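The next block holds one structure in the form of C-alpha cells; read it before the comments.
Each ligand, and each atom within it, is numbered from 1 in the order the structure gives. When reading the values below, keep in mind they use all heavy atoms of this one structure, side chains included, and skip hydrogens, waters and symmetry mates. Quantities reported herein were computed from a predicted structural model and do not represent experimental measurements.
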Amino acid sequence: MTVTRNPYEPVNDSITNVSRFKIIESTLREGEQFANAYFDTEIKIKIAKALDDFGVDYLEVTSPAASEQSGKDCEVICQLGLKAKILTHVRCTMADAKIVVETGVDGLRCHWHLSFLREFSHGKDMAYITKSAIEVIEFIKSKGLEVRFSSEDSFRSDLVDLLSLYRAVDATGVNRVGIADTVGCATPRQVYDLVRTLRGLVSCDIETHSHDDTGCAIANAYCALEAGATHVDTSVLRIGERNGITVRLPFTSSSSLMARMIVADVIMLRISLPKPFKLNTPFNNPITGFCAFTYKTGIHAKAILNNPSTYEIINPADFGMTRYVHCTSCLTGWNAIKSRVEQLGLFMTDEQCKEVTKKIKGVADISPISIEDTDAIIRTFHLALGTNCDSIIESVINRQGEAAQVVKTGA
Ligand SMILES: CC(=O)SCCNC(=O)CCNC(=O)[C@H](O)C(C)(C)COP(=O)(O)OP(=O)(O)OC[C@H]1O[C@@H](n2cnc3c(N)ncnc32)[C@H](O)[C@@H]1OP(=O)(O)O
Ligand SMILES: O=C(O)CCC(=O)C(=O)O
Ligand SMILES: [Zn+2]
C-alpha cells in the first residue's frame, strides 16, 4: 500500500512541542524589570489588551507584593475580562501567596533560587525550600488557582537538588515546573538535556525562561520545546532584567555571538571596546547594550551586592562596562537602598532602611523618579530621623506633578 505524505509537513518526533506550546507573555513582569521601563496603569492596560488581541495564552504581571500600586494594577488587569489567563510572579512564601489570592489572578508562579545564589540571596537549605514549596503549592491549589514552581538559575543548580525538588512538587500536584536560565549562561544542548531529563521524571507541564546575555535565548527556548517543554516565557522587544529574555522574532547581533564565545571559554578577551562598536548599539544588546549590566529588582540587587556572579555570567569590567544597581523604582528593595545609604556616607539601621524604602517605593509608584529624588528622600529621612519627613516627599511628588503638567501642555 502506498502511504501518501505531504512532503511539506514538518518533520517532528513524538517529544517535541515546537508546534504546540503555550506563551506566557511577561512584558508586564519581566519587561517591567528592564532598566528604563516605567509602566503606569494606563500603559499596562494598553499593553495587556494588545497582547491579549495578539492571542497570548497567559499574561504575567509584577508581584502584587512589590508595591501598593503594583497590587492595584494587578487587580485592574484581572478585571479587564481578557481571554488570556493572568498570572503573577512571587517569592515562594505564604506571605506573598496570601497577597496573590486576593487579587483575582488565575495563577501564581513562585520560585526559589537553588544554585549558590541561595547563600547570597536567601540563605535557606533544601529542606526549608522543599517544605515551603509544598506549603505554598497546596495553599494555592486549595484556592482553585493554577500554580507553577521554578528554580531560579536552574543551570548552575545542583542537578540532584533540582530533580528531587521537582519530583516532590510534582507529587504535590503543581501544574508546571519551570526551568530558568536566569543569567543566560546555558547552551541549547544543555537546555535540551535538562528538559529531556525532567520530562522523563515529572508528569506536570514544563515551562522555560531564557535570558539572552549570551545570545542563546531563542535557540534555548526552541530546544526546550524540542525536549518536551510546554510553555515559553516571552517579552515584547525582548525587554527584561539586564538585556532581556526570549522574543518570538529572530534577533541576532555580533555582540551576542561574542558573548556566547566568551562564556564557552573559546576566546578570552580583555579589551576596551573600540568607539565604532559603541555606536548604534541596539538598546538591549548583550554586553554593549546600555542596560546589559543593570539590576532593577530588589531580589536581584541584594544578591548582586553580595556577590556579582549571582546574576552575572560575564564580568562587565572585562569590556570596560559598569555594573549599575538601580534604586529608583517600585521594584526596589531595602537591601539596595541600604547600599545607597552607605554610598552616601550615611548610617541607618536595617529597620530605618526598610522604612525609607517604603517611602521611595510609594513615590516611584506615582511616576518615574531619578537617583537625585531617591537621594533627596534618603537624606531628608536621615536628617529628620525622629521627626516627620513626609512634607519633603510631598514636595518631590508635587515637583513631578508640575513637570508632568509642563510636558502635557507643552509649556
Ligand atoms: C529572577 C527574577 O526576575 S525574580 C523576580 C524578581 N521580582 C521582584 O523582585 C519583584 C520586585 N521586588 C520587590 O519589590 C522587592 O524586592 C520585594 C517586595 C519582593 C522584597 O523587598 P524587600 O523586603 O525590601 O527585600 P529586598 O528586595 O531588599 O531583598 C529580597 C528579600 O527576599 C528574600 N528572597 C529572595 N528570594 C527569595 C525567594 N525565592 N523566596 C523567598 N524569599 C526570597 C531575600 O532573602 C531578601 O530578604 P531579607 O529582607 O531578609 O534580606
Ligand atoms: O521564575 C522563573 O522561572 C523565572 C524568574 C526569572 O525571571 C529568572 O529567573 O530570570
Ligand atoms: Zn528573568
Side-chain angles (χ1 to χ4, degrees), residues 24 26 29-34 60-71 74 87-97 99 108-115 117-124 128-129 132-133 136 148-157 176-186 206-213 217 229 231-235 238-246 295-306 310-311 325-327 329-340 350-351 353-358 360-361 364-365:
I24 299 184
S26 188
R29 194 279 295 177
E30 179 77 51
E32 198 179 22
Q33 293 172 215
F34 174 64
E60 184 186 40
V61 303
T62 290
S63 164
S67 71
E68 198 183 329
Q69 194 58 45
S70 304
C74 177
L87 305 176
T88 188
H89 187 268
V90 293
R91 293 170 291 178
C92 192
T93 63
M94 283 302 286
D96 280 9
I99 296 174
L108 159 155
R109 300 167 82 235
C110 59
H111 66 104
W112 272 112
H113 319 73
L114 297 190
S115 67
L117 252 157
R118 265 194 279 168
E119 181 188 344
F120 299 101
S121 183
H122 53 70
K124 303 290 189 288
Y128 183 98
I129 289 174
S132 74
V136 168
R148 187 241 42 185
F149 178 83
S150 120
S151 61
E152 243 186 54
D153 203 13
S154 307
F155 292 90
R156 295 188 298 171
S157 297
R176 274 190 312 288
V177 285
I179 291 294
D181 184 15
T182 305
V183 296
C185 64
I206 301 176
E207 177 185 315
T208 177
H209 180 93
S210 313
H211 273 264
D212 208 31
D213 301 66
H231 294 63
V232 178
D233 295 4
T234 65
S235 76
R238 207 188 62 183
I239 59 171
E241 193 88 12
R242 304 184 309 281
N243 48 10
I245 58 165
T246 314
Y295 302 88
K296 191 167 169 190
T297 69
I299 293 178
H300 291 188
K302 177 182 175 185
I304 272 284
L305 290 164
N306 282 335
T310 47
Y311 282 104
V325 175
H326 211 286
C327 52
S329 91
C330 66
L331 307 181
T332 296
W334 76 270
N335 289 282
I337 297 300
K338 182 176 179 193
S339 155
R340 186 65 189 167
D350 288 355
E351 282 318 306
C353 289
K354 286 178 188 175
E355 208 181 315
V356 74
T357 302
K358 273 193 205 139
I360 291 165
K361 284 165 83 97
D365 256 349

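Looking at atom 21 (O) of ligand 1, its nearest protein heavy atom turns out to be Gly333 CA, 4.0 Å. What sits closest to atom 28 (O) of ligand 1 on the protein, heavy atoms only, is Asn335 ND2, 2.7 Å. Among protein heavy atoms, atom 10 (O) of ligand 2 sits closest to His211 NE2, 3.0 Å. Looking only at protein heavy atoms, the nearest one to atom 6 (C) of ligand 2 is His209 NE2, 3.3 Å. Distance from atom 16 (O) of ligand 1 to its nearest protein heavy atom, with residue and atom name: Gly298 CA, 3.3 Å. For atom 8 (C) of ligand 1, the closest non-hydrogen atom on the protein side is Thr297 CB, 3.7 Å. From the protein, the heavy atom lying nearest to atom 32 (O) of ligand 1 is Arg91 NH1, 3.0 Å. Closest to atom 25 (O) of ligand 1, if we only count protein heavy atoms, is Trp334 CD1, 3.4 Å. When only non-hydrogen protein atoms are considered, atom 9 (O) of ligand 2 lies nearest to Thr182 OG1, 2.6 Å.
Counting protein heavy atoms under 4.0 angstrom from atom 44 (C) of ligand 1 gives one or more.
In this comparison of Asn306, Leu331, Ile299, the heavy atom closest to atom 12 (N) of ligand 1 sits on Leu331. Considering each of His300, Arg118, His113, the one bringing a non-hydrogen atom nearest atom 2 (C) of ligand 1 is His300. The heavy atom nearest to atom 38 (C) of ligand 1, considering only Tyr128, Trp112, Phe120, is found in Trp112. Between Glu60, His111, Arg148, it is Arg148 that holds the heavy atom closest to atom 3 (O) of ligand 2.
Only the side chain of Glu30 comes within contact range of ligand 2, with a heavy atom under 4.0 Å; no backbone atom does. Counting heavy atoms under 4.0 Å from ligand 2, residue His300 does not touch it at all.
Heavy-atom separations between Lys361 and ligand 1 include at least one value shorter than 4.0 Å. Using a 4.0 angstrom heavy-atom cutoff, Gly123 does not count as in contact with ligand 1. Residue contacts with ligand 1 include Thr93, since one of its heavy atoms falls under 4.0 Å from the ligand. Ligand 1 lies out of reach of Ser63, whose nearest heavy atom is not under 4.0 Å from it. Look at Arg29 and you'll find a heavy atom under 4.0 Å from some atom of ligand 1. Assignment of Ala180 to the shell around ligand 2 is supported, since a heavy atom sits closer than 4.0 Å. Contact between Lys354 and ligand 1 is absent, with no heavy atom of the residue lying under 4.0 Å from the ligand. Taking 4.0 Å as the cut-off, Lys302 counts as a neighbour of ligand 1 on heavy-atom distance.
The OG atom of Ser121 lies 6.0 Å from the NZ atom of Lys302; values are rounded to the nearest 0.5 Å. Distance OG1/Thr310 to CZ/Phe120: 7.5 Å, rounded to 0.5 Å. To the nearest 0.5 Å, atom CE of residue Met94 and atom OG of residue Ser132 are 10.0 Å apart.
For the residue pair Ser235/Glu30, the side-chain donor-acceptor check at 3.5 Å is not satisfied. With no hydrogens or angles considered, no side-chain donor-acceptor pair links Trp112 and Ser150 at under 3.5 Å. In summary, the side chains of Asp153 and Thr182 do not present any donor paired with an acceptor at a separation below 3.5 Å, with no hydrogens or angles considered. Looking only at atom types and distance, the side chain of His113 has a donor-acceptor partner in the side chain of Glu152 under 3.5 Å away. There is a side-chain donor-acceptor pair under 3.5 Å between Asp365 and Ser67.
The heavy-atom pair separating Val325 from Leu305 by the smallest distance is CG2-CD2, 4.2 Å.
Close approach of ligand 1 to Glu152 (heavy-atom distance below 4.0 Å) involves ligand atoms 1 (C), 2 (C), 4 (S). With ligand atoms numbered from 1 in the order given, ligand 1 contributes 14 (O) to contacts under 4.0 Å with heavy atoms of Cys330. Remark: ligand 1 atoms within the under-4.0 Å shell around heavy atoms of Ala65 are 18 (C). Annotation for ligand 1: atoms under 4.0 Å from non-hydrogen atoms of His89 are 4 (S), 5 (C). Applying the 4.0 Å criterion to heavy atoms of Gln33 picks out, from ligand 1, the atoms 3 (O), 5 (C), 6 (C), 7 (N). The ligand atoms of ligand 1 that sit less than 4.0 angstrom from a heavy atom of Cys92 are 40 (N). The Glu152 neighbourhood of ligand 2 comprises atoms 9 (O), with distances under 4.0 Å to a heavy atom of that residue. In summary, the atoms of ligand 2 found under 4.0 Å from a heavy atom of His89, numbered by their order in the structure, are 1 (O), 2 (C), 4 (C), 5 (C). Counting the atoms of ligand 1 from 1 in the order shown, those under 4.0 Å from a heavy atom of Ser121 are 35 (C), 36 (N), 44 (C), 45 (O).
A ring-centre distance under 6.0 Å is found for His300 and Tyr311.
Remark: Arg109 engages Asp233 in a salt bridge, criterion side-chain N to carboxylate O under 4.0 Å. Of the charged side-chain nitrogens involved, at least one lies within less than 4.0 Å of a carboxylate oxygen, so that Glu207 and Arg148 count as a salt-bridged pair.
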Step-by-step side-chain contact (heavy atoms from CB on, under 4.5 Å) determination, Asp213 to Val183: CA-CA 7 Å; Asp213 301 66; Val183 296; 5.5 Å; no
Does the side chain to side chain donor-acceptor pair (under 3.5 Å) test come out yes or no for Tyr128 and His122, once each step is laid out? CA-CA 11 Å; Tyr128 183 98; His122 53 70; over 6 Å; no
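Considering backbone and side-chain atoms alike, His111 places an N or O below 3.5 Å from some N or O of ligand 1. Between Arg109 and ligand 2, a contact under 3.5 Å exists for no N or O pair. Looking at ligand 1, you won't find any N or O of Tyr311 less than 3.5 Å from one of its N or O atoms.
Between His211 and His209, the ring planes are tilted. Angles from 30° to 60° get that label.
Angle NE2(His211) to the Zn ion (ligand 3) to NE2(His209), rounded to 10°: 100°.
The Zn ion (ligand 3) lies closest to atom OE1 when only the N/O/S atoms of Glu30 are considered.
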